[in-house]
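Let me give you the structure first, and then I'll get to my questions.
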Amino acid sequence: MKFIELTLGSYVISHGYDNKNKEVLQHVNSDTFSKKLVAVSRIKSVSEKYILTDYTDGRWIYWEYKESFDEVTKMLG
């Protein structure tokens, strides 16, 4: 399994949808960034602000990251 090292901060967890089809989000704010190893297979999307990863129980996590978009693109290349 391939991993990349990222510096991640605050994140938003998507727990799915309620009975009115509204997305259930949990915002977790962090004042600092921490280095983490992330399995490339868990990365689903990268934007200029967030990296979207899946979680083992079906949730989705939108992580803020410190690296530039171009740096992440090169790591994934």
(request) Flag yes if Trp60 and Val12 sit in one hydrophobic cluster, no otherwise; membership is Ile, Leu, Val, Met, Phe, Trp, Tyr, and two members link when side-chain heavy atoms are under 4.5 Å apart. (result) yes
(message) Under 4.5 Å between side-chain heavy atoms, counting indirect links through other Ile/Leu/Val/Met/Phe/Trp/Tyr residues: same cluster for Phe33 and Val28 or not?
(response) no
(message) Treating Thr7 as the side-chain partner and Ser34 as the backbone partner, does any N or O pair qualify as donor plus acceptor under 3.5 Å?
(response) no
(message) Minimum heavy-atom separation for Glu64 and Tyr50, please, with both atom names.
(response) CG-CE2, 3.7 Å
(request) Identify whether Ile13 and Leu8 are in the same connected component of the hydrophobic contact network (ILVMFWY, side-chain heavy atoms under 4.5 Å). (result) yes
(request) Evaluate whether atom NZ of Lys35 has more than 12 neighbouring non-hydrogen atoms of other residues, nucleotides or ligands under 6.0 angstrom away. (result) no
(request) Give a yes or no on whether a salt bridge exists between Asp57 and Arg59, defined as a side-chain N under 4.0 angstrom from a carboxylate O. (result) yes
(message) Using the side-chain contact (heavy atoms from CB on, under 4.5 Å) definition, which of the options Val46, Ile61, Val38 pairs with Ile51?
(response) Val46
(message) Do Tyr11 and Leu6 sit in one hydrophobic cluster, given that two such residues count as connected whenever their side-chain heavy atoms are within less than 4.5 Å of each other, even indirectly?
(response) yes
Show me the donor-acceptor pairs, under 3.5 Å and distance only, between side chains in residues 70-77 and residues at least two apart or in other chains.
unit_1	atom_1	unit_2	atom_2	d
Glu71	OE1	Ser68	N	2.7
Glu71	OE1	Ser68	OG	3.4
Thr73	OG1	Phe69	O	2.9

(message) Are Leu52 and Leu25 linked, directly or through intermediate hydrophobic residues, by side-chain heavy-atom contacts shorter than 4.5 Å (ILVMFWY only)?
(response) yes
(message) Working to the nearest 0.5 angstrom, can you tell me the gap between Tyr55 OH and Ser14 OG?
(response) 14.5 Å
(message) Looking at Ser41, is its backbone amide N or carbonyl O close enough to the side chain of Lys44 to form a donor-acceptor pair, meaning the two atoms are under 3.5 Å apart?
(response) yes
(message) Just verifying a value: how many Å separate Ile4 CD1 and Arg42 CZ, rounded to the nearest 0.5 Å?
(response) 11.5 Å
(request) Indicate the atoms forming the closest heavy-atom contact of Ser30 with Gly9, along with that distance. (result) CB-C, 4.1 Å
(request) Find the distance between NZ (Lys2) and CD1 (Ile43) and round it off to the nearest 0.5 Å. (result) 9.0 Å
(request) Report the distance from atom OH of Tyr65 to atom CD of Glu48, rounding to the nearest 0.5 Å. (result) 7.0 Å
